[in-house]
Protein chains: 2
Amino acid sequence: MGKEEKQFDELSPNVQANGYRVVGTRPVRPDGIEKVTGKANFGADCELPGMLTGVVVRSPHAHAKILSIDTTRAMKLKGVKAVVTSADFPEIGPKQRGAGEAPVSFRDMSRNVMARDKALYDGHTVAAVAATTPAIAEKAASLIEVKYKVLPYVLDAREAMKSKAPVLHKDVFTKGVDPRPKKASNVTQRFEFGMGDIDAGFAEADVIVDHDFTAQCVHQGYIEPHACVANTTQDGMATVWCSTQGQFMVRNYCATVCGMDISKVRVLPAEIGGGFGGKTVVYLEPLAIVLSQKAGKPVKVVMNREDVFRATGPTSGGHAYCRIGAKKDGTLVAGELTMEYEAGAFAGSPVHLGCMTGFAPYVIPNSKSVGFDVVVNRPKAAAYRAPGAPVAAFAVESALDLLAKKLNMDPIALREKNAATEGTKAAYGPKFQKIGYVETLEAAKNHPHYSAPLGPNQGRGVASGFWFNIGGESSAAVHVNEDGTVEVVTANPDIGGSRASMGIMAAEVLGIDVSRVKPLITDTASSAYSALTGGSRVTFAVGQMVCVACDKVIVQLRERAAKIWDVEVDDVEWVAGSAVNRKSGKGETLSLAEIANVAGKTGGPISGQSSSDVQGAGPGFGTHICDVEVDPETGRSTVIRYTAIQDVGTAIHPSYVEGQLQGGAAQGIGWALNEEYIYDANGCLENGGFLDYRMPVASDLPMIDTVVVEVPNPNHRFGVRGVGEVPIVPPLAAVANAVSAAADVRMADLPISPPRLLAAIDGK
Amino acid sequence: MGKEEKQFDELSPNVQANGYRVVGTRPVRPDGIEKVTGKANFGADCELPGMLTGVVVRSPHAHAKILSIDTTRAMKLKGVKAVVTSADFPEIGPKQRGAGEAPVSFRDMSRNVMARDKALYDGHTVAAVAATTPAIAEKAASLIEVKYKVLPYVLDAREAMKSKAPVLHKDVFTKGVDPRPKKASNVTQRFEFGMGDIDAGFAEADVIVDHDFTAQCVHQGYIEPHACVANTTQDGMATVWCSTQGQFMVRNYCATVCGMDISKVRVLPAEIGGGFGGKTVVYLEPLAIVLSQKAGKPVKVVMNREDVFRATGPTSGGHAYCRIGAKKDGTLVAGELTMEYEAGAFAGSPVHLGCMTGFAPYVIPNSKSVGFDVVVNRPKAAAYRAPGAPVAAFAVESALDLLAKKLNMDPIALREKNAATEGTKAAYGPKFQKIGYVETLEAAKNHPHYSAPLGPNQGRGVASGFWFNIGGESSAAVHVNEDGTVEVVTANPDIGGSRASMGIMAAEVLGIDVSRVKPLITDTASSAYSALTGGSRVTFAVGQMVCVACDKVIVQLRERAAKIWDVEVDDVEWVAGSAVNRKSGKGETLSLAEIANVAGKTGGPISGQSSSDVQGAGPGFGTHICDVEVDPETGRSTVIRYTAIQDVGTAIHPSYVEGQLQGGAAQGIGWALNEEYIYDANGCLENGGFLDYRMPVASDLPMIDTVVVEVPNPNHRFGVRGVGEVPIVPPLAAVANAVSAAADVRMADLPISPPRLLAAIDGK
């Protein structure tokens, strides 16, 4: 991000110690120029002969019963080829599971894609139309007559939990409460994680801090709006091009929502202009499929920015209460965290992940985290980098800041004293294997930033963050071409540089130059299943499959060499990209290219494929240091220096890793200082655009410094942990702690916008 | 072809005997409607943002030295983004081999794609231009100034062999002649195949017949002209969409002609509107790539019909001399065949294949076949169904007709007496395994057609034909979806129904319903290497890989079932689409869908891949019966009844097999009666369009009856031999023999057009 590729950068001690040739270097980004110039083919760039334009009709009400939809006038308009409403989709029952036991409610998904009896938020889809031109489609959309009965709405989690709040779903009864309530509620579920006895723990404490915190729902803010083209054929097949984080996810979800066999849907992922978790669900794709089926033509549907803000998943905002007890020396003895997250219109906020992550970085013998998933009249929440963790960390890391002040302890020293290490049993369950949290704290302590002097109205904040990182179902294939170049094929859209990391790992395993390796991304029909790009899983899990597929290729290369030399395969060793004949005693070699050139005559194509449910992801920890200057006159906070430190295991391509750290920090700073949805008195969004919904841009931020710590994950061939999510976890608290220090007033409600800070300063 | 799908047709004895569930049935064609309505996405249907139109500048001379090319005026035209000439392509030396030891001359290919110092035929590409609109591109093409020195030309093989003929290439010296001549020649190579001693053989003969024959170059006549789009990116990658029989062929050829790594080219095959061998080479693709590289934009290039006729490969025409000696009882004792084939502008007619196939159906102890590959000022010949065989069979099967008449023997009985069977050593080398030639002769003899009465001016002809069928490098992958539907992925464009045959074979092996199997075709990046669709190899060889991939899937399905039941994998049997627990004694079963649904929890994706150089293709034989009525007033011949009989091994989807037999017969009838290139006095093509180049259409032909004989190929799991090429081999002779009988004059020169037949009748 803004930093030049450091092609000839010094290699890290980890990379040097392991003697990697390619891992840890910085080859030129394979798709960099095309992505930044927009020449790459994104979701809206697909064109097909005879293609129609689809336009979506959205609810203008935050909460309304749909009394009737009359499409007659729209259908009569010349050029209109199809109109769809909920009547065109199969009704999905509350207990219907999707194929492959997908852990989602397809009933909710179906009703989010197309409102059935009620519109549950401003922007909720109620119909869609396809026509020969965009203008006709827009006109037709305006001719669809929807009669609503407007209902009272609720936007805030704590408001929605009140007994007199309007209830969104008559058939939702809080799960996780014993006995299960018989009255419908906006609380869909209560979660609890913990260990020990918190009452006993707090009784032991010498010092206790507690505070309430609020964070707003924020949008993922990807540059590229959702876009797709669906083309259906008379054999019942649907082909979908779209901007997504997971083509197999789109395939499964579309098949279920549209009532089709999975084999009847082929999904081709476009280049993706950002997702950050927001493209892990379907919005337009099922509409485009059914419009295309009805019209008998390909249909393109593209959101505008306002659609994106009104109708696609933000991450959950909500409320948190955090209480921490410690001994005088700083030893933590008890922690309590209670959170209410706004799920949007349907169940499924990541509050349980917040509960699992909040105290995860620390050894706290007695802890309890309770979470409530609350539906409100907002678009259904979607994933966003480390879903659920940033708000939990905001509460816990702010509370630790309060504790450090109360103990008069250095905030890093307080964290070091209590940091989880190898063998620590995390409050959410597992015992940590080798982790690098302490190493990030040490790097922070020793970083010049931490000891740099501060000026007037400036403050420094520190916060840490944790994310699980995940593995999961992954597939890869490696094909050797006739000239000895190699295709590395995966089925995960490249969001954060996975082409580069796959290519590097393949080159390392095969022993060839990275320029001879071409990483490519393919569609659902052309690859074995792979779970979506998310959870910081791709370089770890899919990368593991690339390595295994390369191993299989090497076996074949050795077999071919053995055949050529007429020796046993065990007599052939693979060294630095060549087969070596250990039998003859003369050390003959055959390079990969030489073997590839005669593959057609020694048995045919050389190719390796690997699929597995990859286990062993390495948890990631980060520690951020933030300096802020506040303007006491205006309440404006300016980040003047920022350092993001993270244990990434091994950085396969350090430039991408640094970019992830910078990007996550920038998004977290936006969440802390500026971003929020503004609704009018009717619950309708007022700031659905990047001019009014204020994400930080380059000119708002200093250069974000990064420190890549490498404590290799023992479960990955090259030690990869996963990178992309941890860096958004610490910034909310790091910024809030910095502003609180600079303004000398605790800022516990986000965003810390100028009016809010000014009010706090004035209220001192 | 014109016949309704016989969904509930009776199964063949072979299919019944083997107890196949799916093989041999007639499921609805997966892509039928889309292909015939044109909704399928063919080569010209790809659109990309910012795409330019490419137009090709072609030589107006049959043979000319290119003195200079001035592109200045064209480049100055507003909207012109790139112009290319031979200067933009690497010069390829005569000995430069392509990667993977591709058995082609890349020097010739490069010079056929773009003329370097000479234009060698009317229509030869000399430059190309890309501009923002088709009109600007056409205008720019007209502004490119090429100065030529026109040279004398030659179009006919025997003319070109004369010592005073204009020589096309100064550096071509006839191969296969000892000592190799030192004078440049249009004869690029002499081939010879045979066995025994033909002088001794003819000395033994009681009866000898001999005759000269001529056949014209004919075009493959695919409906869809060549078309492609190339998009290049700044990382040096080229992505090509095109209408081709082989995406890997296009990749390799483009990489070599453009001087790129193979991994830098990704080729996505469009749906193909016919190829018949004519799309086994590249014409436009390298031009589009280099235009795109120079322009920095995607470029589409599409041929019009005249381009197709002027510049793409016809099959070779030529001359043949055939002499056959027999005993009085009809036993063949000697055969001699000499052929000169027109290769077009560069070496490489299929005359050697003609030499290998002509006598292949027969036991002839003494035979010799000699072939000459001759360059002439026509477009370079390309493959066309059973390349080289139809002209050879025309000569041999016409000579056998003469012999039968001379011996006063039934022509089928003559063939039966001498037919090759299992164990016969073919003159071209191998000993036949199980083959079904005799069975086709018996079916012909017993067919009602053969004994039906003939009217006045009607004649009946019989002829047989042989084709090797091939295997070769092939790959397939089979992926089990979450809902238990299955993707069968191959990388061979579906020309003759391979989607259907792959799906059927996969369903048979897996034991599931064919509707649960989705066959799909993918691109070069997404599959291991597979040789192109041709040689009647796909259902045989790629199908074999599909079966092996399914076997691998079944192993995994059994492993998962074993895991679920906590038994050994050997305790689990796969029966009729389900795992059966043989350990428990209760016969529990788990269906494929049940196992698929929990795959994510039992180890991850279930997927099988297979690649091999597949051996063991089964040779194919066909016998055709043709009735013709001639109009002695006009010379017009009308085919009034036609029966095509062929041993196909096993017909996986009989409707497609019947369609192949009908299509091959129709094309052969056109070759026999109507098709020819007409050149003006300057060697320029006069009939470059389907109105003037007369292929038979539905109204020209009777319903072509088919008899599918099944003598299973022992080297394929379901006995497949290959189907698509044999049926074009017999018709030339079958028609000529029928016309000769009807008109009572030997017609030995094709096409038997009305003026030629009238002249023959008048000359009697």
Side-chain angles (χ1 to χ4, degrees), chain A residues 28 30-31 33-34 39 41 45 47-50 98-102 233-235 237 252 255 261-264 266 473-475 477 479 481-487 489 516-518 520 522-530 596-601 603-607 609 611-614, chain B residues 28 30-31 33-34 39 41 45 47-50 98-102 233-235 237 252 255 261-264 266 473-475 477 479 481-487 489 516-518 520 522-530 596-601 603-607 609 611-614:
Chain A
V28 170
D31 45 16
I33 293 172
E34 270 61 35
K39 198 194 162 201
N41 287 305
D45 288 334
E47 300 284 328
L48 292 175
E101 308 203 315
T233 47
Q234 297 208 18
D235 61 346
M237 188 76 195
N252 188 338
D261 278 352
I262 287 179
S263 64
K264 295 290 188 193
R266 180 178 189 170
E473 289 191 81
S474 305
S475 292
H479 308 304
N481 298 335
E482 305 96 293
D483 63 355
T485 55
V486 172
E487 318 266 320
V489 190
R516 302 281 289 170
V517 176
K518 184 70 201 177
L520 292 135
T522 193
D523 64 282
T524 56
S526 308
S527 168
Y529 183 87
S530 208
N597 192 45
V598 295
K601 294 175 179 170
I606 297 172
S607 177
Q609 198 274 339
S611 290
S612 182
D613 181 19
V614 180
Chain B
V28 171
D31 45 16
I33 293 172
E34 269 62 36
K39 198 194 162 202
N41 287 305
D45 289 335
E47 300 283 328
L48 292 176
E101 307 203 316
T233 47
Q234 298 209 19
D235 61 348
M237 188 77 194
N252 188 338
D261 278 352
I262 287 179
S263 65
K264 295 291 188 190
R266 179 179 189 170
E473 289 190 82
S474 304
S475 292
H479 308 304
N481 297 335
E482 305 95 295
D483 63 356
T485 55
V486 173
E487 319 266 319
V489 190
R516 301 282 288 170
V517 176
K518 183 71 201 175
L520 293 135
T522 192
D523 65 282
T524 55
S526 307
S527 168
Y529 183 88
S530 209
N597 192 45
V598 296
K601 293 174 180 173
I606 296 173
S607 176
Q609 198 275 340
S611 290
S612 183
D613 181 20
V614 180

(request) Determine yes or no for a side-chain-to-main-chain donor-acceptor pair under 3.5 angstrom, with Asn597(B) supplying the side chain and Gly100(A) the backbone. (result) yes

(message) When you measure from the side chain of Gln234(B) to the backbone of Glu34(A), do you find a donor-acceptor pair of N or O atoms at a distance under 3.5 Å?
(response) no

(request) Considering non-hydrogen atoms only, spot the tightest contact between Arg516(A) and Ser263(B) and give its length. (result) O-OG, 4.3 Å

(message) Let's test your reading of the structure: which of Val614(B), Val489(B), Thr233(B) forms the most heavy-atom pairs below 4.5 Å with chain A?
(response) Thr233(B)

(request) Would you check if Glu487(B) and Arg266(A) make a side-chain contact, meaning some heavy-atom pair closer than 4.5 Å? (result) no

(message) Need one label for Glu101(B): side chain, backbone, both or neither, based on atoms under 4.5 Å from any heavy atom in chain A.
(response) both

(request) Please round to the nearest 0.5 Å and tell me the distance separating atom NZ of Lys518(B) and atom OG1 of Thr524(A). (result) 11.5 Å

(request) Go through the structure and list residues passing salt bridge (charged side-chain N to carboxylate O under 4.0 Å, His left out) with Asp613(A), not counting sequence neighbours. (result) none

(request) Against chain A, label Asn41(B) side chain, backbone, both or neither, depending on which of its atoms sit under 4.5 Å from a heavy atom there. (result) side chain

(request) Side chain from CB out, backbone as N, CA, C, O: work out which of these in Ile262(B) comes under 4.5 Å of a heavy atom of chain A, or both, or neither. (result) both

(request) Considering only heavy atoms and a distance below 4.5 Å, find which of Asn481(A), Asp45(A), Asp235(A) pairs most often with chain B. (result) Asn481(A)

(message) Using heavy-atom distances under 4.5 Å, tell me whether Ser475(B) contacts chain A through its side chain, its backbone, both, or neither.
(response) side chain

(request) Between chain B and each of Pro49(A), Ala599(A), Ala477(A), count heavy-atom pairs under 4.5 Å; write down the option with the most. (result) Pro49(A)

(request) Specify the closest pair of heavy atoms between Gln609(B) and Ser607(A), including all atoms of both residues, with the distance to one decimal. (result) NE2-OG, 4.0 Å

(message) Is Glu47(A) close to chain B through its backbone or its side chain, or both, or neither, when contacts mean heavy atoms under 4.5 Å?
(response) both

(request) Under 4.5 Å, counting heavy-atom pairs only, tell me which of Gly50(B), Ser530(B), Gly604(B) racks up the most with chain A. (result) Gly604(B)

(message) Contact between Thr522(A) and Asp523(B) at the side-chain level, heavy atoms closer than 4.5 Å - yes or no?
(response) yes

(request) Decide, yes or no, whether a salt bridge links Lys264(B) with Asp483(A) under the criterion of side-chain N to carboxylate O below 4.0 Å. (result) no

(message) When you compare the side chain of Glu482(B) with that of Tyr529(A), does any pair of heavy atoms fall below 4.5 Å?
(response) yes

